[in-house]
Protein chains: 2
Amino acid sequence: MDIPARGGAAFLLAQLGAHAATAFAERISAIGLTPPQAGLLRLLATEPGRSQRELADRLGMPPSRFVPFADELEGRGLIERRRNAGDRRLYALHLTEQGTALLGELQQAGRAHEEQICRGLSPEEHRQLTALLRQVAEEQGLTPGVHPGFRTVGSGKANPTSSFNS
Amino acid sequence: MDIPARGGAAFLLAQLGAHAATAFAERISAIGLTPPQAGLLRLLATEPGRSQRELADRLGMPPSRFVPFADELEGRGLIERRRNAGDRRLYALHLTEQGTALLGELQQAGRAHEEQICRGLSPEEHRQLTALLRQVAEEQGLTPGVHPGFRTVGSGKANPTSSFNS
DNA sequence: TATTGTTATACTCTATAACTATA
DNA sequence: TATAGTTATAGAGTATAACAATA
């Protein structure tokens, strides 16, 4: 009995989760993106035309912070603000062609990331791990594909603060 | 082929890791501790008498931040600064009796946390998951029992910033 | 001269809340 | 009057670097 707290699954999850997030942030910094920026690009790919307010809510950031956040991506030509004809208060945000191209690189980075993190596992073990993680995630009530952390916008350097313990 | 990036093991690890860290922070906030504080108590339990500088290094925080950090725990009677007779520049930090008692509660919280996170798994699945996570952690070169994140001291509320994406 | 602990300062990031324009 | 977007401001938290005491 007596599961060792420091080597238990919960601790390993937190440790590996922070590690995976760091590694991913470092990887996409090579294509000039921070994790929140990547999140917005993906969001616009699947649901184009949303208003800034909707997007800010999805990303868990206040509207006032979303503005400069979107400004930068717009300035880099990755996203586009289109005025909504029906309600001129709203913008509709879309990916530009450049943004779509970068999204492709982002997806490629995601695949490489998966490989990097799981390189120690056989294909069978990889499948097992994924299945177990899915099971835990479901039991914990986590929304598939949605990552919570977004309080921090990320300064560009790979710096995912975790704050668990040591 | 083509591992789905959003539902892959790497993403699930980041998502579950953030979830586990949040849940743990919430749990120990009930006994008045933040994750970094818990980390220090554990460190003092296994390696008492270290200097502040050593401890700050271990926790990944600059010495200037360690000072008020230790001040609070000392003020609450959980730790104690003892002057080193040999080298009077150094303090030797120790747990007080109160601190040791709280450490007991902390360990109990850790066990409950493990159970909460893994409640969706059978005992056999739990063992499998732990083994796979250990394997990945080792392959990734992670130090057993050491969690990276400590840039943020944690304001007391359960707020583990993760910053992956969404 | 180097090191421990400490304090001070300057900076980054953040949310709150005021403001505008549209509705 | 209410809402989308924006801007301004004030506050929290941080690291850097200066400082005092001891070696």
Side-chain angles (χ1 to χ4, degrees), chain A residues 25 34-37 39-40 43-44 47-75 79-94 148-163 166, chain B residues 25 34-37 40 43-44 47 49-75 79-94 148-163 166:
Chain A
T34 64
Q37 290 171 341
L40 179 57
L43 217 42
L44 293 182
E47 310 179 21
R50 299 281 177 180
S51 73
Q52 296 192 167
R53 180 161 292 267
E54 282 176 306
L55 293 165
D57 282 353
R58 289 292 197 89
L59 296 176
M61 60 173 71
S64 64
R65 204 165 63 177
F66 187 88
V67 174
F69 176 67
D71 283 348
E72 201 208 314
L73 294 175
E74 190 186 33
I79 68 173
E80 191 180 14
R81 283 175 166 115
R82 300 189 196 150
R83 272 292 175 196
N84 185 318
D87 186 337
R88 290 216 309 268
R89 293 173 303 180
L90 283 71
Y91 279 120
L93 264 61
H94 293 267
F150 253 149
R151 277 76 164 228
T152 269
V153 99
S155 44
K157 0 172 191 176
N159 180 15
T161 329
S162 64
S163 146
S166 158
Chain B
T34 66
Q37 289 171 341
L40 179 58
L43 216 43
L44 293 183
E47 309 178 22
R50 300 280 176 179
S51 74
Q52 296 193 168
R53 178 162 294 266
E54 282 176 308
L55 292 166
D57 283 352
R58 290 291 196 92
L59 297 175
M61 60 172 72
S64 65
R65 203 165 66 179
F66 187 89
V67 174
F69 177 68
D71 283 347
E72 201 209 313
L73 294 175
E74 190 186 34
I79 68 173
E80 191 180 15
R81 283 175 166 114
R82 299 189 196 150
R83 272 292 173 197
N84 185 320
D87 186 339
R88 292 214 309 269
R89 292 173 304 179
L90 284 70
Y91 279 120
L93 264 61
H94 293 267
F150 254 148
R151 277 76 165 226
T152 270
V153 99
S155 44
K157 1 172 191 176
N159 179 17
T161 329
S162 62
S163 148
S166 157

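Chain letters run A, B, ... following the sequence lines, proteins first, then strands; residues in each count from 1. The shown structure was predicted, so the numbers you read here are calculated from the model rather than taken from an experiment.
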Every protein N/O lying under 3.5 Å from an N/O of nucleotides 1-7 of chain C:
{"unit_1": "C/dT3", "atom_1": "O4'", "unit_2": "B/Arg89", "atom_2": "NH1", "d": "3.4"}
{"unit_1": "C/dT3", "atom_1": "O2", "unit_2": "B/Arg89", "atom_2": "NH1", "d": "2.9"}
{"unit_1": "C/dT4", "atom_1": "OP2", "unit_2": "B/Arg53", "atom_2": "NE", "d": "3.0"}
{"unit_1": "C/dG5", "atom_1": "OP1", "unit_2": "B/Gln52", "atom_2": "N", "d": "3.2"}
{"unit_1": "C/dG5", "atom_1": "OP1", "unit_2": "B/Tyr91", "atom_2": "N", "d": "2.9"}
{"unit_1": "C/dG5", "atom_1": "OP2", "unit_2": "B/Gln52", "atom_2": "N", "d": "3.3"}
{"unit_1": "C/dG5", "atom_1": "OP2", "unit_2": "B/Arg53", "atom_2": "N", "d": "2.7"}
{"unit_1": "C/dT6", "atom_1": "OP2", "unit_2": "B/Gln52", "atom_2": "OE1", "d": "3.3"}
{"unit_1": "C/dT6", "atom_1": "OP2", "unit_2": "B/Gln52", "atom_2": "NE2", "d": "2.8"}
{"unit_1": "C/dT6", "atom_1": "OP2", "unit_2": "B/Arg81", "atom_2": "NH2", "d": "3.4"}

* Rounded to the nearest 0.5 Å, how far does OH of A/Tyr91 lie from CD1 of A/Ile79? -> 11.5 Å

* To do: Any chance you could measure B/Leu59, atom CG, to B/Phe66, atom CZ, to the nearest 0.5 Å?
  => 6.5 Å

* To the nearest 0.5 angstrom, please state how far the CD atom of A/Glu72 sits from the OG1 atom of A/Thr34. => 7.5 Å

* Nearest-0.5 Å distance, CG of residue B/Asp57 to CZ of residue B/Arg50 -> 11.5 Å

* Could you tell me which residues satisfy side chain to side chain donor-acceptor pair (under 3.5 Å) with A/Arg81, sequence neighbours excluded, listed by chain and number? => A/Gln52, A/Asp71, A/Glu74

* Side-chain donor or acceptor of B/Arg88 paired with backbone N/O of B/Arg83 under 3.5 Å -> no

* To do: Can you pull out how bent the helix from C/dT1-D/dA23 to C/dA23-D/dT1 is, comparing the axes over its first five and last five pairs, to 10°?
  => 20°

* Structure fact -> In terms of heavy-atom contacts, B/Gly49 and B/Ala92 come closest through O-CB, 3.5 Å

* Asked: Over how many whole Å does the gap from A/Arg88 atom CZ to D/dT3 atom C1' extend?
  -> 15 Å

* Using whole Å, report how far CZ of A/Phe69 lies from P of D/dT6. => 14 Å

* Asked: Looking only at heavy atoms, which two atoms of A/Leu44 and A/Leu55 are closest? And how far apart?
  -> CD2-CD1, 3.8 Å

